[in-house]
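Have a look at the structure below, then the notes.
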Amino acid sequence: MDALTIAQLGNPILRQQAETLTPSQYNDYAPFFAELEKIMLEHNGVGIAAPQVSESVRAFIVASRPNPRYPNAPMMAPTLMLNPEITWQSEETEKDWEGCLSIPGMRAKVSRSTHIDVRYHTLDGEVVSTRMEGFIARIFQHELDHLNGIVFLDRAD
Ligand SMILES: O=C(O)C[C@@H](Cc1ccccc1)C(=O)SCC(=O)c1ccccc1
Ligand SMILES: [Zn+2]
């Protein structure tokens, strides 16, 4: 697999509806997911979605860490989420800053639900259902948007 590159805004891949992964595909994609995490870390991202490296499948990584913008953000090991969904989201929302590896140099305030219940599959086929809040919930919502052809500027207040 040659080195992955990050698609920039304007690339139609970022505007597609990504395809659901079938469990039989999970292992075929294992090497790709390793590369996905590597390129996210190389770009100091706190998340990355497969369509951002031109692979239009429903998978992303969430990897919160404290950073200048979010000094209180929790430390969260990079977590690969397959076929992720939001099963409930709070009416309560919060506006805060976001950035995007596909739109370098831009920052905007975006309203996101402060609490969400999510469900996703892991690489070994487990189903995880959990509640997220705060910055991690924000990253999840940002990455899920990427799977539906939405970028944060579409939602900027
Ligand atoms: O483009 C992406 O999906 C990655 C994006 C994730 C994200 C950042 C901030 C809020 C929601 C989602 C980034 O990691 S942007 C670049 C970055 O390193 C960063 C930006 C703001 C805060 C922390 C990190
Ligand atoms: Zn993004």
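Order of listing sets the numbers, starting from 1, for every ligand and every atom in it. Computed from a prediction, not measured in an experiment: that's the story for all the values here.
Nearest protein heavy-atom neighbour of atom 18 (O) of ligand 1: N44 O, 2.7 Å. Looking at atom 8 (C) of ligand 1, its nearest protein heavy atom turns out to be V46 CG2, 3.5 Å.
Here's the thing with A49: none of its N/O atoms is less than 3.5 angstrom from an N/O atom of ligand 1.
Tested against V110, the residues R138, E94, Q141 include a single side-chain contact (heavy atoms from CB on, under 4.5 Å) partner, R138.
A continuous path of ILVMFWY side-chain contacts below 4.5 Å connects F140 to V46, so both sit in one hydrophobic cluster.
Donor-acceptor pairing under 3.5 Å is recorded for the side chains of Q52 and S102.
At a heavy-atom distance under 4.0 Å, only side-chain atoms of H146, from C-beta outward, approach ligand 1. Contact annotation for R107 and ligand 1: only side-chain heavy atoms (C-beta onward) come within less than 4.0 Å of the ligand. At a heavy-atom distance under 4.0 Å, no atom of F152 approaches ligand 1.
Residue contact annotation: M40 has no non-hydrogen atom under 4.0 Å from ligand 1.
Around the Zn ion (ligand 2), the protein N, O or S atoms closer than 2.8 Å are C100 SG, H142 NE2, H146 NE2, listed by chain and residue number.
Of the listed options M106, Q141, E143, E98, E143 places a heavy atom closest to atom 3 (O) of ligand 1.
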